[in-house]
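Here is how names work: the chains are called A, B, and so on, in the same order as the sequence lines, proteins then strands, and each is numbered from 1. As the structure is a computational prediction, the values presented were derived from the model and not from experiment.
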Amino acid sequence: MTTLPKQWTSIEELAGDPAFAKKIAAEFPVAASFPPTARRDFLKIMAASLALAGLTGCEKSPFVAGIPYVDQPESALPGVPRHYATAVTLDGYAQPVLATTYDGRPTKLDGLPGHPATQGRSDVFMQAAVLQLYDPDRAQSPTRAGEPVTWTDVGAMFSDQRREWQKDGGKRLRLLLSQTTSPTLVRQIRELQSQFPAARVHLHDTSGERERIAHAIAAYGEPLDLHYQLDACSVVVSFDDDFLGPGPRQLLNAIKWAQARRRGDVPGIQLHCAESIPAATGAVASYRLRAAPSRMPHLVETLAARLGVVGASVNDLSAEERRWLDRTGAALNAAKGRALVTAGLGTGAQTARWVAQINETIGASGQTLKLTSPVADPGVATASLDELVIDMNTGQVDTLVILDANPVYTAPGSLDFASALSKVKTSIHIGLYRDETGHRGTWQLPLTHDLESWSDARAVDGAATIIQPVMTPFYDVRSRHQIMAMMLGRDQAADESVRKTWRDAFGESFDAKWQQALRDGLVAGNAPEIQATPVSGKIEPAPPGADGSDIAFRLDPTVWDGRFANLGWLQELPKPLSTLTWGNVVAVSPAWAREVEVENGDVLEIDIDGRKVSGPAWIMPGQADNTFGLWLGHGREQAGRVGDGIGYNAYSVRPAATPWLAQGAVRKLDRKETLAVTQLHHRMEGFDLVREVSVASPTLPAPSPQPSLYPPHPSAKNAWGMVIDIDSCIGCNACVAACTAENNIAVVGKAQVEMGREMHWLRIARYYVGDVETPRSYFQPVPCMQCEDAPCEMGCPVHATTHSPEGINQMVYNRCIGTRTCSSYCPYKVRRFNYLDYRYTPEAPAEPVHNPDVTLRSRGVMEKCTYCTQRIQAAHVAADKDNRDLRDGDVVTACQAACPTRAIVFGDINDPDSEVSKLRRSGRHYALLEKLGTRPRTTYLAKWNDGSDDEDDRT
Amino acid sequence: MADLPYGLLAEFATEDAIIDAARKVRHAGYRNIDAFTPFPLPRLARVMRIRDSRPAWLGLAGGIFGFLLAFAMQAFVSYTYPLNVGGRPLYPLSAYAVVIFELTILFAVLFLFIGLLALNRLPRLNYPVFNAPRFHLASKDRFFLCIKADDRQFDRDSTARLLREVGAVSLALVPS
Amino acid sequence: MTASATDILPTDQSIGDISRQLTGIPLHFPARRQWWIAMTIAIVLLVLFIVSVIELFTRGVGIWGLNVPVTWAFAIHNYVWWLGIGHAGTLISALLLLTGSEWRNSLNRFAETMTLFAVVCAGIYPVLHLGRPWYLYWMFPYPATMGVWPQFRSPLEWDIWAVLTYLSVSVLFWYTGLIPDLANARDRARRRGWQIFFGILALGWRGSTIHWSRWSRTYRIMAAIAVPLVVSVHSEISLLFAASQMPGWHSTLFPPYFVLGAAFSGFAVVSVIAVALRAMFGLGNLVTRDHLDVLGKVLLATGLMTGYGYVFEVVDTLYGGNSHDLQTLLNRTIGAYAWLYWGAVVFNFVPLQLLWWRIVRRTGWALLLISASVIIGMWLERYMILVTTLYRDFLVSSWRHYTPTFWDWSTYFGTIGLFLVPFLLAIRFIPVISIFETEKTLLDEQEARDG
C-alpha cells in the first residue's frame with residue numbers, strides 16, 4: 001500500500017502514456033487542474049493526488065508521529081474525522097488551530113479551544129489557511145532559474161555557498177527575514193550568525209510591526225508590545241486604531257471586547273473612536289469622530305491637555321472635534337483605571353507618546369494595558385529593508401537569502417527592490433510560492449505549508465505552540481528549519497531541529513512534556529509582563545500637515561498583504577464595509593466625491609512624490625474629508641491563477657519613510673471599472689430591519705401575536721433555533737469564511753459576483769443610518785431564517801424543500817429541478833442558486849479541501865443554509881451511541897464556532913434552559929419581518945444605541 | 001338479400017325543400033330515413049324526430065370522474081408520504097381545488113369528444129352514400145334525403161315516385 | 001339571429017362560392033409569395049430558437065441575466081405573455097358561440113388555431129427555465145423510486161395541470177369544430193394526395209342529421225365549459241405570484257387583473273391576424289369591416305377593464321398602506337424600471353383611445369397598429385410585474401438589478417418563430433375560416449332578407 005504510488009506511477013511516467021494521463025484527470029480532477037508540467041512534476045502531482053485520496057503514511061512520514069488531540073483510536077476509521085492541535089501563522093504569529101482531518105486530509109481549521117489567544121474562535125485567515133495548503137499554484141519543487149532541480153542540487157549549492165561565506169565570515173551574505181516568532185528559527189539564525197559573524201540579518205514586515213515597535217520605543221524608551229486588556233475596560237478611546245479589524249490581534253481584541261460589552265445588563269464598555277477611513281472599530285463605536293489622519297496628533301494632544309498631562313497644549317478645534325473631545329475627556333476622567341487610549345500606526349510617534357502619557361495619567365498601565373517585551377523578536381540585531389537595498393545597489397551583497405518574504409512585491413515602491421535584486425549575484429528565495437521574488441531570484445526553494453510542517457511559533461499573547469504537521473507534504477518541499485539546517489551545513493529530518501529547541505527548553509522528562517505540548521497545542525507560560533513608564537520630556541508639536549491630501553495605507557481585510565491573493569475563498573469574501581470582492585478600491589470621502597463628481601468605480605490616479613497608481617473609487621460614508629484610503633495586497637503578477645492581475649498594487653506608491661500615511665494628489669481619470677460588490681443598497685429605507693434599544697428604553701415593544709390559519713405541526717424532541725446578537729457583531733466575516741469552509745460553498749469568480757450570483761449561505765448585511773457624512777453603521781448577519789411557516793417550501797412543486805420535525809427548512813439537492821420558486825418566494829432572499837456549474841470554475845478550490853460530509857451541488861440546483869445539518873446528525877449519532885439526550889452545546893454550527901464575539905448562539909429552543917432559549921426571552925429579542933408570519937427560527941437581539949438619539953450628539 | 005341496395009338518395013336545392021320533403025316522406029310512413037346536409041338543420045332534425053341527449057350525460061360523467069380522480073390523486077400523495085411543507089396542513093383542500101377544477105373539465109371534454117365519435121360510429125372513412133355521384137355536394141350547398149332499403153315500405157319504384165313528387169332535383173340508387 | 005348579426009356578411013354571394021373560395025385556400029393556394037416571405041422570416045427565428053435552446057441546455061440558465069434576488073425574469077414573463085395571447089381564441093370562439101353572436105364564425109377558426117400555437121410557446125417556457133429540465137417529469141405523479149410525489153400546494157404544480165388541460169381542451173374543441181370543414185375540403189379536393197389527407201382528417205364525416213344533432217350538442221357543451229376553463233387558467237397563472245408574500249404580488253386583485261390582461265392581449269393578436277389574413281387571402285367578403293369594427297369594440301372594452309386593474313392596483317396599495325407594498329409601488333412608478341411601467345401604460349392605453357372612433361375601428365391598418373402597440377404594452381406589463389417586485393423585495397441588503405442578456409432576447413424572439421412556423425403551416429393546409437358556419441350565417445341572412 002505505502003509503496004504503491006511509487007511503483008505504478010513511475011512505470012507510467014516512463015511510458016508517458018497519454019491515456020493514463022486522461023485516467024488520472026478523471027480519477028483526480030485536482031491533478032488535471034494543475035498546469036501542464038514536466039514529468040517530474042507530474043509524478044509529484046500523482047503522489048499528491050494519491051496522498052489526498054487517503055493513501056497517506058509512508059514509513060518516514062512525520063504525520064505518524066503526530067499526536068491526536070483526542071485519544072488516538074486503535075486504527076484510523078475511514079470517514080471519521082481526527083483532530084490535531086497545531087497552528088498556522090499570520091505575520092509570524094501563531095494562530096493556534098484545531099485541524100479536522102478526514103483520512104489524513106485536513107479539511108477544516110477552527111480556533112484551538114482552551115488556548116488563551118483563540119479560545120476556539122477564528123478569523124478569516126485561519127479559516128482559509130487550509131485552502132492555501134492545497135493551492136495547486138504553490139511552488140512544487142526547488143527550481144534554479146525556473147528549471148526544476150533536486151534537493152541534492154540545493155544541498156550542493158549551499159555547500160558551495162558556505163565555502164564562499166567562510167572566506168570572509170559571510171560579509172557578503174545577507175538574510176532577509178519576514179517577521180517571525182519561531183524559537184527554533186531564532187535559534188537557527190543565531191547559529192548562522194555565530195558561524196558567519198559578518199553576515200547581516202534584515203527584517204522586512206508588511207504589517208507594520210516595525211512601526212509598532214518604533215512607536216513603543218519612542219513612547220517608552222524600549223521595544224515593547226502593548227497588550228490591550230479590553231475586558232478590563234469600560235471606556236476605550238481609539239485614534240485611528242482599528243484594533244477590532246483584521247490582523248493577528250483581531251481575535252483576542254474581539255473576544256475581550258465582547259466580554260466587556262456583555263458585562264452587566266447594559267453595555268459594559270463604550271468606544272470613542274476618532275477615525276479617518278471607516279473600519280470595524282469605528283462601525284461599532286458609540287461615539288465616532290471622523291478626522292483626517294494628520295489631525296490625530298492635535299486631537300490627542302488636546303485630549304492630553306484636558307486630562308492634565310503636563311506639557312500638552314490645546315489646539316484649535318472644529319465644533320465637531322470639540323464636542324467629541326468633551327465627551328471623551330469626561331468619559332476618561334470618570335473611568336480612571338478602567339479606561340484605555342490607543343493609537344493607530346499612521347498617527348505617528350508624537351501621537352504614540354501622547355497616548356502613552358494619557359494612559360499613564362488615567363492609570364491604564366497594569367490595568368487595561370499590559371506591556372511585554374516584543375513577542376516577535378528575531379533574537380539578533382537586524383537592519384531594515386532600506387539599508388539592505390542600499391547595500392545591494394552598492395554591490396556589497398553577493399548572496400541574498402530571502403526567507404518567507406516577497407519583497408519584490410511588498411517593498412515600498414520608492415525602494416525599487418526588483419532592480420536592486422538584479423544586482424545580487426546569487427539570490428535564494430525560500431517561500432510557499434514561486435512569487436514575484438521567486439521568479440526573479442536565482443534559486444527558489446519551496447516551503448512546506450504550516451499544516452505540513454514541524455515548527456513552532458508564539459501567539460500574540462506570547463504563548464508558544466509547537467506546530468505539528470497534520471499531513472504528509474505532497475509536493476517536493478521542505479520546512480524552513482530543514483532549509484536553514486542545510487544552510488548550516490546539515491541535512492535534518494523535518495522535526496529534528498524543532499525537537500532540539502524544545503529539548504533544551506523542557507529539560508528533563510522531555511518526552512512527556514513534548515507529548516503534552518503536542519496534545520494541547522500549547523506550551524504553558526507566556527511573555528512575562530514588564531513595567532515601563534513613558535519617556536518624559538518635551539514632545540515636539542506635530543509638524544503642520546504637509547500640502548496635499550492625506551493618503552492612508554491599509555492592509556486588505558481579506559487577502560491581507562497579498563499573501564492570500566490566490567485563495568478564492570478570501571478573494572470572494574465581501575470586505576467588511578464596502579462588501580467589495582475581487583479587488584481593491586480607493587476610498588474617498590462623500591464630500592470630495594460630490595465636489596469632483598466621482599461615482600463608485602470611476603478610476604482615480606494617486607500621485608505620491610511622482611509615483612502614480614490608479615484604482616477605482618469607492619465613496620465611503622463617514623470617511624474624513626481630504627483623506628484617501630489605499631488597500632495593499634492586490635495587483636499581484638505572480639500570485640497564481642486566481643490572484644493575478646486583480647486590483648491595483650498600492651505598494652508601488654508606498655513611501656519607505658512613512659509607510660502608513662503619505663501626502664499626495666488624487667485626480668479623476670475618465671475611465672470606469674466595474675466593481676464586484678455583493679450589497680448595492682445601504683440605506684435602511686425606514687424599515688426596522690435592524691432595531692435598537694437604549695439604556696433609557698432597554699426592551700423592545702412586545703411582538704404582536706401572530707394568529708395562523710394552520711394547525712401547528714408537532715415538533716421533534718429538539719427544535720433548533722439561532723439567535724444573533726447584532727450588538728456584538730463586528731462584521732469580521734469569520735462566520736462567512738467558516739461557512740464557506742464547512743459547507744463547500746462554491747467560489748464563482750468576479751464576473752458571476754458582478755451578476756449577483758455569489759453563493760454565500762450567510763451574508764453580513766450592512767446598513768447605514770443618518771447622513772452620509774457621519775452615518776451610524778450596522779452589521780446584520782443573515783443566514784436562512786428556517787421559517788416554521790416557510791413560503792419557500794410551499795412553492796416547490798417537487799417536494800425538494802420541506803420541513804424537518806426538528807424545524808429545519810431542509811433542501812434536498814438531488815430532488816431539486818431548479819424552478820427557483822423557493823427563492824422567488826423567500827422574503828429574506830437567503831437561498832442561492834447554481835446558475836452554472838460552479839464546481840469546476842477556474843476560481844474553484846481544489847477538491848481535497850471539500851468537507852466529505854457535505855454534498856457538492858451541481859448546476860441548476862438551489863442551495864441554502866442548513867444550520868450545518870451534518871453537524872446536527874453527527875451530534876445525534878454521538879448522543880445515541882452513549883444512549884443519552886443531546887445536551888446544549890452538543891451541536892455548534894460553523895458560523896457560531898468561528899464568531900470571536902459569540903454573537904451567534906445556536907441550540908434547542910424546546911429546552912427552556914438552553915442558552916438560545918434564554919436569549920429568546922431577552923428584552924432585545926426580535927424576529928426579522930415578523931409581520932409576514934413566517935415565524936423564523938433565526939432571530940436577533942437588538943443593537944444597543946449608546947449615544948443619545950439626538951443628531952448633534954452623534955459625532 | 002345480397003343485391004339489396006343501401007337506399008334511394010334524393011337531392012334537394014334548399015333547406016325548406018328538404019324539410020318539407022322529409023315531413024311528407026315520414027307522413028307516407030317511411031321511418032328508416034336519413035338526411036345529409038352541409039350544416040346542422042335543427043328544424044329538419046325535429047321533423048325527423050331525431051333527438052339524442054346522451055352527449056350531455058357523457059360530459060357529466062366525465063366531469064365527475066375527473067373531479068374524483070383529481071381529489072383522490074392529491075389526497076393519496078399527502079397520505080402515502082406525509083411531509084411538513086411550510087407548516088401548511090397535510091390535506092389543504094383550498095390548494096387541491098385548482099387541480100380538481102382542471103381535471104374535472106379535462107375529462108368532461110375528453111368524454112364528450114370520444115363519446116361523439118363513438119355514438120356517430122366514426123371514424124368510418126367509407127360509407128355507401130359516398131358512392132352516389134353528386135353526394136360530394138352534400139358538404140357544399142346541396143341537401144340529400146335518403147330512404148334506406150331496409151325500410152319495410154321500401155320499394156324501388158314507388159319510393160322513387162314519392163321522392164320525385166316531394167321535389168327531388170336528382171335521384172340516385174345507392175348500392176350497398 | 002341577433003339583430004346585430006344581420007348583414008355582417010354581404011348577402012350577394014352564394015354559399016357554394018364561399019366553400020369553393022375557402023377550401024380553395026389550401027387546395028389552390030393563392031398568396032404563395034407573401035406566404036413564403038413570412039415563412040422565411042419565421043424559419044430564421046425558429047433556428048435562432050433552436051440555437052438558443054442548445055446553448056441553454058449545454059451551459060445552464062446562467063446564460064440568462066438572472067441572479068438572486070431576480071430568480072425569475074424573461075422565461076416566466078414571456079410564459080405569462082404567450083399564455084395570455086393564447087386565451088383569445090378559445091374565449092372568442094366559445095363565449096360568442098354561447099351568446100350566439102354569429103359574427104364570430106368568420107374569426108373563430110384562425111383565432112383558435114392561433115391559440116394552440118401560442119399555448120405551445122407558453123408551455124415550453126417553464127421547461128426551458130428549469131435548472132435541470134431533464135427532470136421535468138418529476139412534476140408528474142408517478143411511483144418514483146424515491147417514493148416522492150409532486151407537491152400539490154405549489155402554484156407551479158397547478159400550472160402544469162392548468163396549461164396541459166387548457167392545451168388539450170383547446171385542441172379538442174378546435175378539432176371538433178374543424179371536422180365538418182375537413183369533410184368539405186375532402187369533397188372539393190381533386191388531387192389524390194389532398195383527398196387522402198383530408199379524407200383521413202375528416203374521419204368520414206358525412207353530415208348525417210343525427211350526427212349533426214349530436215355534434216351541435218357536444219360542441220355547445222364543450223364551449224360552455226371551455227369559458228370557465230379559460231378564466232381559471234389565467235387566474236391560476238396569477239396565483240404563481242399572488243400566492244407568494246412578495247410586495248406587489250401578494251394581492252387578491254391579481255386573478256381578474258391577469259384574466260382581463262390576457263383577453264386584452266389575445267384580442268389584439270386576433271385583430272392583427274384578422275387584418276393580415278384578410279389582406280393576404282382577399283377575404284374582405286367574409287372578414288368584413290363590420291368584423292373589424294366589432295373587434296375594435298372588444299379590444300377597447302377589455303383594454304379599459306385592464307386599465308381599471310392598473311388604477312385599482314394603486315388604490316389598493318395606498319389603501320393598504322403596507323410600507324413594503326408602497327416601496328414597490330414607488331419602484332414601479334419612479335424606480336429604475338419606471339420605463340417599464342410607463343411604457344406599459346402608454347402602449348396599452350394611449351393609442352387604444354383612438355378606437356372610440358368608428359372610422360378608426362373600421363380601418364384595417366389603424367386597427368393593426370393599435371393592436372401591435374397593445375401587444376408590446378402587455379409584454380412590458382408582464383416584464384414590469386415580475387422584475388419590479390423581485391429586484392427590490394423586503395431586505396434592502398439583497399436588492400439587485402436585472403439586465404437581460406443576448407440569450408434572454410434570442411430565446412424570446414426564437415419563440416416567435418416557434419409560433420409563426422406552425423401557424424403559417426396551418427393556414428396553408430386547413431380552412432382558415434369555418435366554412436359551414438359561415439355558410440349557415442350567410443344563408444340565415446339571405447332568408448332574413450328575402451322573407
Exercise. In Å and rounded to the nearest 0.5 Å, what is the CG to CD1 distance from C/Leu156 to A/Ile817?
Worked result: 7.5 Å
Exercise. Going by the angle between their ring planes, with limits at 30° and 60°, are A/Phe687 and C/His324 parallel, tilted or perpendicular?
Worked result: parallel
Problem set entry | Side-chain (A/Gln679) to main-chain (C/Ser398) donor-acceptor, under 3.5 angstrom | no
Donor-acceptor pairs under 3.5 Å, side chain of residues 135-147 of chain C to any protein atom, not counting sequence neighbours: which ones?
residue	atom	partner	partner atom	Å
C/Trp138	NE1	C/Tyr142	OH	3.3

For this session: Would you confirm whether A/Tyr835, through its side chain, and C/Asn67, through its main-chain N or O, come within 3.5 Å as a donor-acceptor pair?
Result: yes
Exercise. Under a 4.5 Å heavy-atom cut-off, does chain C meet the side chain of A/Thr934, its backbone, both or neither?
Worked result: side chain
Exercise. How many angstroms lie between atom CD of C/Gln151 and atom CZ of A/Arg815, to the nearest 0.5 angstrom?
Worked result: 10.5 Å
Problem set entry | OG on A/Ser858 to CZ on C/Arg132, rounded to 0.5 Å | 4.5 Å
Seminar exercise, completed: Here the gap from C/Asp393 atom CG to A/Lys829 atom NZ, rounded to the nearest 0.5 Å, amounts to 4.5 Å
Problem set entry | Stepwise side chain to side chain contact (heavy atoms under 4.5 Å, CB included) test for A/Arg820 and C/Val61 | CA-CA 11 Å; A/Arg820 303 190 290 289; C/Val61 281; 3.9 Å; yes
Exercise. Who wins among A/Thr802, A/Val812, A/Thr678, A/Thr579 for the most heavy-atom pairs under 4.5 Å with chain C?
Worked result: A/Thr678
Exercise. Just wondering, are more than 12 heavy atoms of other shown residues or ligands nearer than 6.0 Å to NZ in A/Lys672?
Worked result: yes
For this session: Measure C/Trp134 against the heavy atoms of chain A and call it side chain, backbone, both or neither at under 4.5 Å.
Result: side chain
Exercise. What's the shortest heavy-atom distance between A/Tyr825 and C/Pro155, and which atoms?
Worked result: OH-CG, 3.5 Å
For this session: Starting at OG1 of C/Thr71, measure out to CZ of A/Arg757 and round the result to the nearest 0.5 Å.
Result: 11.5 Å
For this session: Could you walk me through whether A/Glu685 and C/Ser323 pass side chain to side chain contact (heavy atoms under 4.5 Å, CB included), step by step?
Result: CA-CA 10 Å; A/Glu685 299 294 349; C/Ser323 54; over 6 Å; no
Problem set entry | Contact class of A/Ile764 relative to chain C, heavy atoms under 4.5 angstrom | neither
For this session: Pick one of side chain, backbone, both or neither for A/Leu932, based on which atoms fall under 4.5 Å of a heavy atom in chain C.
Result: both
Problem set entry | Of all pairs that satisfy side-chain hydrogen bond (donor to acceptor under 3.5 Å, both in side chains), the ones with a partner from residues 241-250 of chain C, not counting sequence neighbours | C/Trp249-C/Thr389
Seminar exercise, completed: Those residues at least two apart in sequence (or on a different chain) that pass side-chain contact (heavy atoms from CB on, under 4.5 Å) with A/Ser708 are A/Tyr710, A/Asp789
Problem set entry | Side-chain donor/acceptor of A/His799 to backbone N/O of C/Val148, under 3.5 Å | no
Exercise. Is it the backbone or the side chain of A/Glu758 that comes under 4.5 Å from a heavy atom of chain C, or both, or neither?
Worked result: side chain
Exercise. Would you say C/Leu395 and A/Val830 make side-chain contact, with heavy atoms under 4.5 Å?
Worked result: no
Problem set entry | A/Arg763 and C/Ser397: CA distance, side-chain angles, deciding distance, side-chain hydrogen bond (donor to acceptor under 3.5 Å, both in side chains) verdict | CA-CA 9 Å; A/Arg763 70 173 185 267; C/Ser397 59; 3.1 Å; yes
Problem set entry | Residues A/Thr821, C/Trp72; criterion side chain to side chain contact (heavy atoms under 4.5 Å, CB included); working and verdict | CA-CA 8 Å; A/Thr821 319; C/Trp72 283 354; 3.5 Å; yes
Exercise. So which part of C/Ala75 gets closer than 4.5 Å to some heavy atom of chain A, the side chain, the backbone, both or neither?
Worked result: neither
Problem set entry | Main-chain N/O of A/Asp837 paired with C/Arg59 side-chain donor or acceptor, under 3.5 Å | no
For this session: Could you please state which residues from residues 378-387 of chain C sit under 4.5 angstrom from chain A, measuring non-hydrogen atom to non-hydrogen atom, sorted by number, or 'none'?
Result: none
Seminar exercise, completed: If one checks every heavy atom of A/Cys826 against chain C at 4.5 Å, the contacting part turns out to be backbone
Problem set entry | Pair C/Val68-A/Arg831, side chain to side chain contact (heavy atoms under 4.5 Å, CB included): steps then yes or no | CA-CA 8 Å; C/Val68 176; A/Arg831 289 171 161 268; over 6 Å; no
For this session: Please state whether the side chain, the backbone, both or neither of A/Met794 comes within less than 4.5 Å of a heavy atom of chain C.
Result: both
Seminar exercise, completed: Rounded to the nearest 0.5 Å, the CH2 atom of C/Trp399 sits from the CZ atom of A/Arg683 at a distance of 8.0 Å
Exercise. Out of A/Gly795, A/Gly818, A/Ser824, A/Ala765, which one racks up the most heavy-atom pairs below 4.5 Å with chain C?
Worked result: A/Ser824
Exercise. For the side chain of C/Arg400 and the backbone of A/Leu680, is there at least one donor-acceptor N/O pair under 3.5 Å apart?
Worked result: no
